[in-house]
Asks: 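I'd like to ask some things about the structure below.
By convention in this document, chain letters (A, B, ...) are assigned in the order of the sequence lines, proteins followed by strands, and residues within each chain are numbered from 1. Quick note: numbers below take in every heavy atom, side chains included, and nothing from hydrogens, waters or symmetry partners.
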Amino acid sequence: MATEPFDVIIVGSGAAGGTAAYVLTSLGARVCLLEAGRYYEPGRETPMFQRHGEAPLADAGTPDKPFGFYDGTVDGGWILPEEPYTTAPGTEFRWFRARMLGGRTNHWGRVALRYANHDFKAYSLDGLGADWPFTYEEFAPWYDRAERMVGVFGTNEHLPDIPDSPPGCLQPPPVPRSYERLVIAGGRRLGRPVVASHEAVITQPLNGRSACFYASPCLRGCAIRANFQSPTVMLPPARASGRLTTITHAQVYEVDLAPDGSARGVHYVDRLTHQHHYLAGRAVMLGASAMESVRILFNSRSARFPGGIGAESGLLGRGILSTPGSNVWGRFPQMEGLPPFNDDGVVSLPHIYIPWWLLPEQRAGRLPFARGYHIELYGGRTEPSAYTFDQFNVVSPLSYGKRLKEEARRYYGSFVRFSQRGEMVMRDSNRVVIDPQMKDAWGIPGLCFDVRWSGQELRQTAHAQRSMAEFIEAAGGQLVSPLPSDPAQAITAPGRMIHEVGGARAGADPRKSVTDSYGRVWGVPNLYVIDGAAFPSSANKNPTLTIIAFAWRASEHLRKYLRNELHHA
Amino acid sequence: MPDRRETLAWLLRALALSAAPVVHVDSASARQGCAAAPAKPDQIGAAWRGDRGYGRDPDLLHPQVTWALTLTAQQKTAIARLADVFLPEEGSSPSASAVAVPEFIDEWVSAPYPQQQQDRVVLLEGMAALECAGNAPLHTLNASQAQILVAGLHARAAEGKEPEARFFARFRHICLIGYYTTPVGVAELGYVGYQPSARFAGPPPEVLAKLGL
Ligand SMILES: Cc1cc2nc3c(=O)[nH]c(=O)nc-3n(C[C@H](O)[C@H](O)[C@H](O)COP(=O)(O)OP(=O)(O)OC[C@H]3O[C@@H](n4cnc5c(N)ncnc54)[C@H](O)[C@@H]3O)c2cc1C
């Protein structure tokens with residue numbers, strides 16, 4: 001390890017940190033990446049051809065591995081015993097974390113959608129939440145860079161909710177699976193768009209990476225590097241530059257400020273030895289995942305910032321955003337008893353999706369909720385698993401014997417899950433604070449969440465439930481279970497969709513935001529928040545592509561800043 | 001290739017792991033009053049202390065069951081009798097016990113996780129109730145007696161009677177998982193996949209025709 005101060009210390013190696021490490025090293029900066037988890041090598045560790053039945057409990061989820069034994073999460077889950085958090089009385093917040101090189105990019109769902117201009121400027125349009133400090137047009141070049149590097153399949157559909165990408169950004173999508181074709185036909189009947197999903201999976205070789213070979217679930221990670229993981233896409237070129245130092249097991253808990261108020265290093269604890277260390281750098285970037293970056297800011301207290309860095313506006317920790325989501329299962333009699341055929345495709349990821357189609361109606365005030373949703377689809381003839389019979393059990397709970405075997409064969413592959421992914425309206429009352437009582441295994445104070453759905457999200461969910469039922473019917477299917485009459489029963493708990501962002505939002509006005517438009521904390525010119533914490537709003541689009549583009553833009557900005565600083569030195 | 005579950009059972013015996021399960025419901029004690037105590041899922045969930053599972057960073061390339069199997073030979077025989085009624089031999093399609101479903105159920109109900117510990121209670125409690133109903137130790141039943149017993153169980157489950165309904169649902173579900181995730185079961189369902197190929201062809205014409213597309 002080099003002893004001289006690094007140009008940049010990056011905290012966290014996931015979507016945000018991995019991107020910053022790649023961009024900054026490629027621009028000549030000397031970077032030290034601090035990662036709380038262990039080193040992880042997807043090329044060696046990914047179980048590409050292990051079958052469900054070979055795993056303990058047939059790969060069913062457990063508290064140790066909530067998404068199954070083979071899921072590409074290391075030292076993560078909904079509950080990390082050594083890193084507890086609390087929730088305000090009467091509230092619930094599900095917080096999924098991973099502690100490994102690459103963070104949650106190793107097993108994310110790979111849905112990679114651009115925000116549109118109305119997503120960045122939603123406040124200007126309906127007066128709710130806050131605007132981003134830039135327009136789509138201003139931000140789009142970084143989406144282009146991100147898509148070209150990440151490798152995203154999808155199509156340009158000229159639809160209002162999803163901007164087209166310039167030529168050369170998107171790769172061709174795979175053709176739809178059987179059930180997806182039924183839904184496309186159903187969409188046609190309803191006059192609603194059903195289009196290729198945008199997924200961070202390559203269908204053509206890219207930068208030395210092989211194209212997808214349509215076998216093995218993406219959520220395990222990919223040994224052939226056909227999908228996006230920070231350790232397979234961002235970190236190899238960063239490492240090859242010779243300018244990257246990576247320290248694993250390094251849990252950062254505080255940013256250290258110089259007397260002039262600029263950042264000069266970080267404190268971290270080695271999770272294995274419990275030893276405390278200090279690392280000096282000319283700039284610091286926080287990409288520890290949104291909530292964790294907010295926690296580090298809160299825990300960075302000094303005479304200048306008694307409530308933590310960035311707390312002066314009173315907005316640190318406020319405006320936590322999650323994704324309202326709900327599911328409706330359809331059964332499709334046409335799919336029963338089909339002859340065997342390979343319908344794997346890009347295993348476990350949807351090839352198509354239903355983008356938000358009611359933007360004009362919403363703008364015209366004809367809907368009882370302000371923000372939209374899209375619908376993702378999962379199901380069909382996936383490899384038999386511990387979950388294959390969940391819907392069958394609802395449809396035919398009492399058969400046994402020969403009839404059970406007949407039905408198991410007949411119903412296999414005929415169920416499809418429609419899944420809402422909505423936008424939550426940003427509200428300052430949804431927040432995290434430090435819970436002084438709750439310390440992690442290394443003595444660092446943890447977070448307390450107070451995040452609640454409002455009528456906005458509930459009314460959106462009621463609408464989404466009905467739309468999903470309409471889609472099922474239009475595609476020739478039936479509901480497996482009746483819709484709950486109360487959307488509160490349908491909507492998943494805050495956090496459950498694993499798109500939590502906000503808490504240190506970017507803005508144009510220091511009194512109304514925590515960071516500037518580059519994620520730079522107001523008042524600390526060389527401290528950047530580069531992950532989802534900086535989001536002032538969260539569209540109905542899954543956040544990671546935007547995190548990558550935001551981190552990329554911040555990294556280019558920091559490089560310029562470091563050059564100027566050198567000039568003036 | 002040796003059957004994985006046999007290998008695992010052998011391995012665990014060799015390791016002589018002796019950790020006891022967190023929740024004890026043995027059919028003998030439940031039988032005494034011939035009325036099983038209701039399961040308390042919350043207590044069971046709270047019993048998981050994050051230990052004795054495979055942990056949050058297991059070797060994914062070499063899957064291993066890390067907990068001791070806990071069912072007695074008699075319990076496994078009893079489960080085999082019942083499982084073979086739920087999923088019987090049928091032409092070339094083997095019975096549940098022929099594809100090691102009882103071993104899978106042992107692995108399942110011996111696991112230290114909340115869902116599995118809850119299922120352990122449901123299964124052992126249900127079996128105790130069945131013994132009561134049948135007035136005979138389950139492992140001594142012959143195939144036709146087991147058939148009769150399950151018919152009775154089914155009738156009670158259809159009426160929503162507990163603990164039979166709960167037992168019927170969970171026992172059937174775990175049997176289905178155990179059966180249809182074996183190579184035989186996977187083939188019977190007609191899953192064709194895991195075939196690396198340069199492109200994804202999509203469904204064949206005869207399937208599209210059946211789907212009306
Ligand atoms: C099952 C699942 C499905 C998902 N599907 C999608 C999807 O389809 N589309 C989408 O856009 N998003 C999806 N997501 C969300 C996506 O994974 C995250 O948005 C993304 O990974 C966030 O990137 P990040 O860099 O902010 O955080 P992470 O990827 O979580 O990385 C943060 C890293 O920082 C490390 N770290 C944390 N604290 C510290 C500390 N104090 N010091 C040092 N290091 C620290 C962590 O160990 C981790 O490696 C999904 C997530 C999951 C779990």
Asks: For A:Asp344 and B:Tyr194, indicate whether the former's side chain and the latter's backbone hold a donor-acceptor pair under 3.5 Å.
Replies: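 Yes; at least one donor-acceptor contact below 3.5 Å.
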Asks: side-chain hydrogen bond (donor to acceptor under 3.5 Å, both in side chains) for A:Ser399 and B:Arg172? Distances and angles first, verdict last.
Replies: CA-CA 9 Å; A:Ser399 58; B:Arg172 189 183 88 147; 2.9 Å; yes
Asks: If I measure from the heavy atoms of chain B, does A:Met48 come under 4.5 Å with its side chain, its backbone, both, or neither?
Replies: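 Backbone of A:Met48 only, per the 4.5 Å heavy-atom cut-off to chain B.
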Asks: Evaluate the side chain to side chain contact (heavy atoms under 4.5 Å, CB included) criterion for residues A:Arg51 and B:Val186: first the C-alpha distance (whole Å), next the side-chain angles of each, then the deciding distance (0.1 Å), finally the verdict.
Replies: CA-CA 10 Å; A:Arg51 306 294 289 261; B:Val186 167; 3.8 Å; yes
Asks: To check you understand the geometry: which heavy-atom pair defines the closest contact between A:Ala55 and B:Pro63, and what is its length?
Replies: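 In terms of heavy atoms, the two residues are closest at CA-CB, 4.1 Å.
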Asks: Is there a side-chain contact between B:Phe200 and A:Val175 in this structure, where contact means two heavy atoms from C-beta onward sitting under 4.5 Å apart?
Replies: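 Yes, side chains in contact.
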Asks: Checking the side chain of A:Arg381 only, and the main-chain atoms of B:Gly190 only, is there a donor and an acceptor separated by less than 3.5 Å?
Replies: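 Judged by distance alone, yes, a pair lies under 3.5 Å.
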Asks: Evaluate the side-chain proximity of B:Pro196 to A:Phe49: yes if any heavy-atom separation is below 4.5 Å, no if none is.
Replies: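 Answer yes - side chains close enough.
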Asks: According to side-chain contact (heavy atoms from CB on, under 4.5 Å), who are the partners of A:Leu206, at least two apart in sequence or on a separate chain?
Replies: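 Only A:Gln171, A:Ile202, A:Arg209 meet the side-chain contact (heavy atoms from CB on, under 4.5 Å) criterion with A:Leu206.
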Asks: Which word best sums up how the rings of B:Tyr54 and A:Phe69 line up, parallel for under 30°, tilted for 30 to 60°, or perpendicular for over 60°?
Replies: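 Because their plane-to-plane angle is over 60°, the rings of B:Tyr54 and A:Phe69 count as perpendicular.
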Asks: Give, for atom CG of B:Leu189 and atom CZ of A:Arg410, the distance between the pair rounded to the nearest 0.5 Å.
Replies: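 Here the interatomic distance stands at 13.5 Å.
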Asks: Any chance you could measure B:Thr181, atom OG1, to A:Asp59, atom CG, to the nearest 0.5 Å?
Replies: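 It comes to 9.5 Å.
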Asks: Apply side chain to side chain contact (heavy atoms under 4.5 Å, CB included) to residues A:Phe389 and B:Ile174 and explain how you reach the verdict.
Replies: CA-CA 10 Å; A:Phe389 299 99; B:Ile174 303 164; over 6 Å; no
Asks: Side chains of B:Leu61 and A:Glu45: closer than 4.5 Å at any heavy-atom pair?
Replies: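 Answer no - side chains too far apart.
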Asks: Working to the nearest 0.5 angstrom, can you tell me the gap between B:Leu211 CG and A:Gln334 CD?
Replies: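 B:Leu211 atom CG to A:Gln334 atom CD measures 6.5 Å (nearest 0.5 Å).
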Asks: As an exercise: rank B:Glu206, B:Glu188, B:Glu89 by heavy-atom pairs under 4.5 Å with chain A and give me the winner.
Replies: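 The residue among B:Glu206, B:Glu188, B:Glu89 with the greatest pair count is B:Glu188.
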Asks: Are side-chain heavy atoms of B:Leu60 and A:Lys65 found at a separation under 4.5 Å?
Replies: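 Sidechains of A:Lys65 and B:Leu60: in contact.
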Asks: How close do A:Pro340 and B:Val192 get, heavy atom to heavy atom, and via which atoms?
Replies: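 Looks like CB-CG2, 3.6 Å.
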Asks: Does B:Arg56 come within less than 4.0 Å of A:Glu82, counting only side-chain N to carboxylate O?
Replies: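 Looking at A:Glu82 together with B:Arg56, the answer is yes, because their closest N to O distance falls below 4.0 Å.
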Asks: Using only atom types and a distance under 3.5 Å, with no angle test, would you say the side chain of B:His154 pairs donor to acceptor with the backbone of A:Leu398?
Replies: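 Between the backbone of A:Leu398 and the side chain of B:His154 there is a qualifying donor-acceptor contact (under 3.5 Å).
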Asks: Name the region of B:Ala96, side chain, backbone, both or neither, that has any atom closer than 4.5 Å to a heavy atom of chain A.
Replies: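 The answer is neither part of B:Ala96.
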Asks: Do the non-hydrogen side-chain atoms of B:Gln64 and A:Pro56 ever get within less than 4.5 Å of each other?
Replies: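 Heavy-atom side-chain distance check fails, nothing below 4.5 Å.
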Asks: Taking atom CD of A:Glu406 and atom OG of B:Ser93, what is their separation to the nearest 0.5 Å?
Replies: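 With rounding to 0.5 Å, CD (A:Glu406) is 10.5 Å from OG (B:Ser93).
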Asks: Between B:Tyr191 and A:Tyr412, is the ring centroid distance below 6.0 Å?
Replies: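 No; A:Tyr412 has its ring centre 6.0 Å or more from that of B:Tyr191.
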Asks: On a heavy-atom basis, which atom in B:Pro204 and which in A:Phe341 lie closest, and how many Å separate them?
Replies: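 What the structure gives for the nearest pair is CD-CD1, 3.6 Å.
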Asks: Relative to chain A, which of B:Ser197, B:Gly193, B:Gly202 shows the most heavy atom pairs under 4.5 Å?
Replies: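 Most pairs with chain A among the choices: B:Ser197.
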Asks: Side-chain contact test, heavy atoms from C-beta onward, threshold under 4.5 Å: evaluate it for A:Leu404 versus B:Leu176 and give yes or no.
Replies: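 Of all side-chain heavy-atom pairs linking B:Leu176 with A:Leu404, at least one is under 4.5 Å.
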Asks: Please identify each residue that fulfils salt bridge (Lys or Arg N to Asp or Glu O under 4.0 Å) with B:Lys210, with sequence neighbours left out.
Replies: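 With sequence neighbours excluded, B:Lys210 shows a salt bridge (Lys or Arg N to Asp or Glu O under 4.0 Å) to no residue whatsoever.
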Asks: Run the numbers on A:Asp64 and B:Tyr113 for side-chain hydrogen bond (donor to acceptor under 3.5 Å, both in side chains), then give the verdict.
Replies: CA-CA 9 Å; A:Asp64 277 333; B:Tyr113 301 111; 2.5 Å; yes
Asks: Check the pair B:Asp57 / A:Tyr40 against side-chain hydrogen bond (donor to acceptor under 3.5 Å, both in side chains), numbers first and verdict last.
Replies: CA-CA 11 Å; B:Asp57 188 13; A:Tyr40 175 65; over 6 Å; no
Asks: Using a 3.5 Å distance criterion without hydrogens, assess whether the side chain of A:Lys405 forms a donor-acceptor pair with backbone atoms of B:Pro88.
Replies: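 Checked: pair present.
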Asks: Backbone N or O of A:Asn342 within a donor-acceptor pair of the B:Gln195 side chain at under 3.5 Å?
Replies: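 Checking the backbone N and O of A:Asn342 against the side chain of B:Gln195, no donor-acceptor pair under 3.5 Å is found.
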Asks: Does the side chain of B:Ile177 come within less than 4.5 Å of A:Leu57's, by heavy atoms?
Replies: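 Side chain of A:Leu57 against side chain of B:Ile177, heavy atoms only: no contact under 4.5 Å found.
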